[in-house]
Each structure stands twice: as C-alpha cells, then as structure tokens.
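Read the structure below first, then the notes.
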Amino acid sequence: SARVSSGPWLSLSLKLEFFSSTMSSESLRKRAGKGSNSSVSSPVETIPAETSKWRKAFSRGAKWEKDEIKDVLHWIRQSIALVIGLICGVLPIMGMAGSLGFAVVGGGLVYVYAMAYMKLEEGVLGGSHLSILTEALWPAYATFLLTWIVSYTLVHFS
C-alpha cells in the first residue's frame with residue numbers, strides 16, 4: 001500500500017529529507033552556537049525514514065508503527081508471491097494445487113514472519129490474527145497469478 005504525495009507537500013517533504021540527510025552533527029552543533037568542541041551525547045542519525053523501516057524489517061523484535069507494519073507485510077507478501085509463482089510456473093503445477101500452495105505457504109510464511117520475527121501482538125492491525133493473514137492478500141495473489149502464468153508459458157510452451 002504505497003502512499004503518493006503531490007503538490008506543495010511533496011516538495012516540502014523532499015526539502016526536509018534533503019536537509020536531514022545533509023546535516024551532520026558537526027554543522028548542527030555550530031548552528032546551535034555550541035561550537036565544535038562541545039560534546040554531544042548522541043550523534044544525529046541521518047538515515048532516511050525508508051531505510052530505517054527496511055532495516056527494522058530485518059531486526060528481530062523492533063518497535064513498529066501501524067503503517068510501517070502494513071508496508072513491510074505488503075512487500076514481504078509480494079516477494080513471497082513472486083517466488084512461489086516462479087516455482088509453480090517452472091514446475092508444471094496446474095489448477096487448484098498452485099493456488100492452495102500459494103495460500104498455505106504464502107500465508108504461513110507471512111504469519112510466522114509477523115509473529116515470530118516481528119513479534120507482533122494480536123490486534124496490532126485493528127483486528128485478530130486474521131488481519132495479519134489478509135493484509136495485502138489480493139495484490140499478492142495477482143502477482144502470484146501473473147508470475148505463475150508467464151513463467152509456465154515461457155518454460156513449457158517455448
């Protein structure tokens with residue numbers, strides 16, 4: 001679930017991102033009038049927000065915002081759908097076996113990732129554990145079907 005910004009907010013967010021990524025702790029100290037010899041207890045982190053979200057995605061038990069959880073689960077599910085679609089297409093899997101395989105393996109991997117690795121609690125997405133299983137399910141199913149059909153056609157009808 002990608003967010004699209006437009007108008008003056010986009011230019012403001014780009015300016016703020018540029019400003020935060022180019023300012024070092026040394027220049028921030030000088031702007032604050034403390035000089036370069038003062039000690040700062042923690043340096044300013046210049047990691048963009050997107051990078052930190054993906055860094056957290058591979059850090060066990062990180063603290064999460066609701067939107068970050070949805071974004072990460074969406075793209076993890078998309079990646080799993082792509083891989084399972086390629087596997088089902090290269091192996092001559094047809095019919096309900098492929099769709100059920102996607103549902104069981106894809107749903108299971110996302111659920112285990114969310115519960116065991118991200119350490120999410122029930123209700124964090126506004127519902128039960130079912131909300132984790134259904135987050136971004138249909139876009140991932142479309143990715144799975146497209147990848148499955150194209151890879152099957154390329155491998156077995158060449």
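Given the structure is predicted, the values throughout are model-derived calculations rather than measurements. Computed over heavy atoms, backbone and side chain alike; hydrogens, waters and symmetry mates excluded.
Taking a 4.5 Å side-chain heavy-atom cut-off between Ile, Leu, Val, Met, Phe, Trp and Tyr, the cluster of M96 extends to L100.
With contacts defined as side-chain heavy-atom distances shorter than 4.5 Å, the pair L73/Y113 qualifies.
Clustering ILVMFWY residues whenever any of their side-chain heavy atoms sit less than 4.5 angstrom apart, transitively, puts I80 in a cluster other than the one holding L86. No path of Ile, Leu, Val, Met, Phe, Trp and Tyr side chains, each step under 4.5 Å between heavy atoms, connects V112 with W75, placing them in separate hydrophobic clusters.
Within the 3.5 Å criterion, the main-chain N or O of V90 finds a donor-acceptor partner in the side chain of H156. The main-chain N or O of V110 is never found under 3.5 Å from a side-chain atom of R77 such that the two would form a donor-acceptor pair. Not a single donor-acceptor pair under 3.5 Å links the side chain of W148 to the backbone N or O of I84. A distance-only check finds no donor-acceptor pair linking the side chain of K70 to the backbone of E135 [under 3.5 Å].
The distance from the CE atom of M118 to the CD1 atom of I76 is 8.5 Å, given to the nearest 0.5 Å. Put simply, CE on M94 and OG on S99 are 13.0 Å apart, with the number rounded to the nearest 0.5 Å. For the atom pair W138 CH2 and T143 OG1, the distance stands at 13.0 Å (nearest 0.5 Å). To the nearest 0.5 angstrom, I149 atom CD1 is 12.0 Å from L154 atom CG. With values rounded to the nearest 0.5 angstrom, C88 atom SG is found 10.0 Å from L145 atom CG. A distance of 9.0 Å separates OG1 in T147 from CD in Q78, rounded to the nearest 0.5 Å.
Between A81 and A140, the shortest heavy-atom distance links the atoms CB-O, 3.2 Å.
Heavy-atom contacts from other residues, nucleotides or ligands closer than 6.0 Å to CE of M115 number more than 12.
Ring planes of F102 and Y141: tilted class, angle from 30 to 60°.
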Residues F144, L82; criterion side-chain contact (heavy atoms from CB on, under 4.5 Å); working and verdict: CA-CA 6 Å; F144 162 73; L82 188 71; over 6 Å; no

